[in-house]
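Below is one structure, written out as structure tokens; the observations come after it.
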Amino acid sequence: MQYEAPETTKAAVGLLAKAKGSAYVLAGGSDLLVRMKGGFVEPDLVVDIKRIKPMREIRKTASGFTIGAAVSCAEMNENKALIKAWPGVVEAAGLIGSKQVQSRCTVVGNLCNSSPAADSVPALFAAGARAVIQGPRGKRKVAVEDIPVGPGKNALKKGELIEAIELPARKGKSGDAYLRFIPRSEMDIAVVSAGVSLTLDAKGVIKDARVALGAVAPTVVLVKAAAKAIVGTKLDGTALEKLGEAASAACSPIDDKRGTVEFRTKVAAVLARRAAEIAYKRAGGK
Amino acid sequence: MAVLVSTTINGDNVEFACDPHESLLDVLRNRLGLTGAKEGCGTGDCGSCSVQVDGRVVCACLMLGVEAEGHEIETVEGMSHGVELHPLQTKFIEHAALQCGVCTPGFLMAAKALLEKNPDPTEEEIRFGLAGNLCRCTGYDKIVRAVQDAAKVMRG
Ligand SMILES: Cc1cc2nc3c(=O)[nH]c(=O)nc-3n(C[C@H](O)[C@H](O)[C@H](O)COP(=O)(O)OP(=O)(O)OC[C@H]3O[C@@H](n4cnc5c(N)ncnc54)[C@H](O)[C@@H]3O)c2cc1C
Ligand code: FES
Ligand code: FES
């Protein structure tokens, strides 16, 4: 195995593009190194992106936030402006693993690893985040929903990497939230999870909503019907009920030791409702 | 092919050569003779390999040795000053917060990182802060008490 730690994105893309055999980006390594140790992957080339300075930064811009692909989840949880604007995204990122894992893991790694139970991903979907992709043919930006395509599979092509995640600027009364169900209180994989982001008008009526669910389908899913169920409402009882129904209807989970189909389908509704209530409160709704 | 890495470990400049796929934990234990960090699982679940890198606690089993280039590593070996133990070490002994001791270096490093960020943690904050460390012998209460007591001493 060859290890490279280039200092520019261009150099990283160049290495990945001309690699013969299997090449992997290394961010925090909390998925990649576990899979290498288990013998599930045997990289010929590993490209460590942590020495690329712009990828280590969280930047606040007029259009929102740019979170470099090598920013750890611990660093996200220390950025006051980011916490204020996107508390749901930050709390989701903060749920990944232990303090030890937090010091290294990244939301981009979480997204690229494409687990249906990845904690930060429903929050990123709900936030309307975009992935900035760099590759041999230049730069492109895609909605984060377009990155995971199946369990463990992402849409990146050979030579491509994600340089950063962009979160839109927050205007007016907005809030987001993320909740997961796990049987323990820490260090476990989500059995079901939900991310919700809302924007309200001056009267507290929901203008925009995005709802995403984790661990109920082969990838994290954006549930448009669930968002539609609450837009135009003040999140009253009927709206919440319809939100829950739409969330359950979007589930096509598996049965496993962590949870049955029935359990996951039911809890998806509960978590979607509760996350919406938290997001609504954070947005300043009453 | 071995790669030459230069780094700082417990304040000393250290150079070592390792294979690119070797974990920092293997480098510490097998090449540098620093056997304080233990391998309980090798997959980030148990925390017995905890060390600090640039002031943050990480699992040495989930970091490559080559990634250490230019960084500052602290291991449990650097915790005491000669025979003078760190308050966490003293309190772990006083509270009998260990039995076989395999998890202890990891708990000490994780607790040290926790108290550096948060000198006066609640019991809940300690339990969450140490959730990445598993102990199969002691049960966690004694460990939590030892950390609380050490925190008190360290606050002065
Ligand atoms: C003990 C433990 C507990 C965990 N707990 C949780 C949990 O509670 N919730 C959860 O969701 N996950 C959990 N995980 C999984 C893992 O920590 C997360 O998925 C993490 O976010 C991965 O980020 P990373 O930076 O470490 O990724 P890496 O391992 O560095 O990379 C993951 C994958 O993405 C690719 N990749 C990384 N960055 C890029 C990039 N910029 N461009 C293109 N490809 C890229 C890599 O090549 C690799 O295939 C846990 C893992 C461990 C070991
Ligand atoms: S050996 Fe590293 S976490 Fe278990
Ligand atoms: S004392 Fe034996 S594992 Fe903790």
Side-chain angles (χ1 to χ4, degrees), chain A residues 1-7 22-51 56 70-78 91 94-106 109 113 182 184-189, chain B residues 1-3 5 18-26 37 39 41-71 106-107 109-114 116-118 121 124-134 140:
Chain A
M1 183 183 105
Q2 183 191 349
Y3 168 86
E4 296 290 343
E7 289 181 3
S22 61
Y24 288 85
V25 171
L26 171 67
S30 59
D31 283 312
L32 185 62
L33 299 187
V34 173
R35 282 196 288 145
M36 277 166 58
K37 184 152 277 177
F40 301 107
V41 294
E42 282 179 29
D44 296 301
L45 170 69
V46 163
V47 178
D48 184 351
I49 56 172
K50 292 188 294 297
R51 291 189 197 269
R56 304 284 322 229
V71 170
S72 70
C73 291
E75 288 165 331
M76 284 175 69
N77 269 277
E78 289 162 8
E91 75 197 347
L95 284 174
I96 298 172
S98 55
K99 287 277 183 279
Q100 287 87 338
V101 172
Q102 283 284 306
S103 299
R104 303 244 311 155
C105 71
T106 64
N113 192 55
I182 53 171
R184 308 175 68 205
S185 47
E186 248 301 64
M187 285 292 278
D188 209 344
I189 300 166
Chain B
M1 204 188 64
V3 180
V5 178
C18 73
D19 289 332
H21 66 263
E22 245 176 278
S23 71
L24 175 63
L25 181 61
D26 284 344
E39 181 164 51
C41 65
T43 52
D45 295 292
C46 76
S48 66
C49 63
S50 299
V51 299
Q52 281 188 346
V53 178
D54 300 336
R56 289 185 193 274
V57 64
V58 308
C59 295
C61 72
L62 284 193
M63 175 168 162
L64 298 173
V66 285
E67 287 184 78
E69 173 69 39
H71 291 294
F107 268 105
M109 292 310 287
K112 182 166 171 278
L114 173 73
E116 281 165 2
K117 285 240 152 58
N118 182 357
E124 188 172 314
E125 284 168 340
I126 294 174
R127 289 188 186 270
F128 271 103
L130 300 180
N133 296 76
L134 301 181
Y140 298 95

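Proteins get letters first, then strands, A, B, ... in listed order; numbering begins at 1 in each.
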Given that the side chain runs from C-beta out, which part of L26(A) has a heavy atom under 4.5 Å from chain B: side chain, backbone, both or neither? side chain
Test your reading of the model: is there a side-chain donor-acceptor pair from S98(A) to the backbone of A131(B), 3.5 Å cut-off? no
So, the side chain of R104(A) versus the backbone of L62(B): is there a donor-acceptor pair under 3.5 Å, distance only? yes
Any heavy-atom pair between the side chains of H21(B) and E42(A) that's under 4.5 Å? no
Looking only at K50(A), M36(A), R184(A), most heavy-atom pairs under 4.5 Å shared with chain B are made by K50(A)
Which atoms of M109(B) come close to chain A, meaning under 4.5 Å heavy atom to heavy atom: side chain ones, backbone ones, both, or neither? neither
Identify the two heavy atoms, one from G132(B) and one from M187(A), that lie closest to each other, and give their separation to 0.1 Å. CA-CE, 4.2 Å
Residues N133(B), K99(A); criterion side-chain contact (heavy atoms from CB on, under 4.5 Å); working and verdict: CA-CA 9 Å; N133(B) 296 76; K99(A) 287 277 183 279; over 6 Å; no
Go through the atoms of L64(B) and report whether side chain, backbone, both or neither lie under 4.5 Å from a heavy atom of chain A. both
Do the non-hydrogen side-chain atoms of L33(A) and E67(B) ever get within less than 4.5 Å of each other? yes
What do you reckon, is CD of E116(B) surrounded by more than 12 foreign heavy atoms closer than 6.0 Å? yes
Closest non-hydrogen atoms of G47(B) and Q100(A), given as atom of the first, atom of the second and distance, are CA-NE2, 4.2 Å
Check whether M1(A) gets within reach of chain B through its side chain, its backbone, both or neither, counting any heavy atom under 4.5 Å. both
What residue, out of L32(A), V46(A), V34(A), has the most heavy-atom pairs lying under 4.5 Å from chain B? V34(A)
Would you mind checking which part of E78(A) comes under 4.5 Å of any heavy atom in chain B, side chain (CB onward), backbone (N, CA, C, O), both or neither? side chain
Is it the backbone or the side chain of K37(A) that comes under 4.5 Å from a heavy atom of chain B, or both, or neither? side chain
Closest non-hydrogen atom pair between R56(B) and S103(A), with its separation: CB-OG, 3.6 Å
Side chain, backbone, both or neither of Q52(B) within contact of chain A (heavy atoms, under 4.5 Å): neither
List the steps, then state whether side-chain contact (heavy atoms from CB on, under 4.5 Å) holds for R51(A) with E69(B). CA-CA 11 Å; R51(A) 291 189 197 269; E69(B) 173 69 39; 3.5 Å; yes
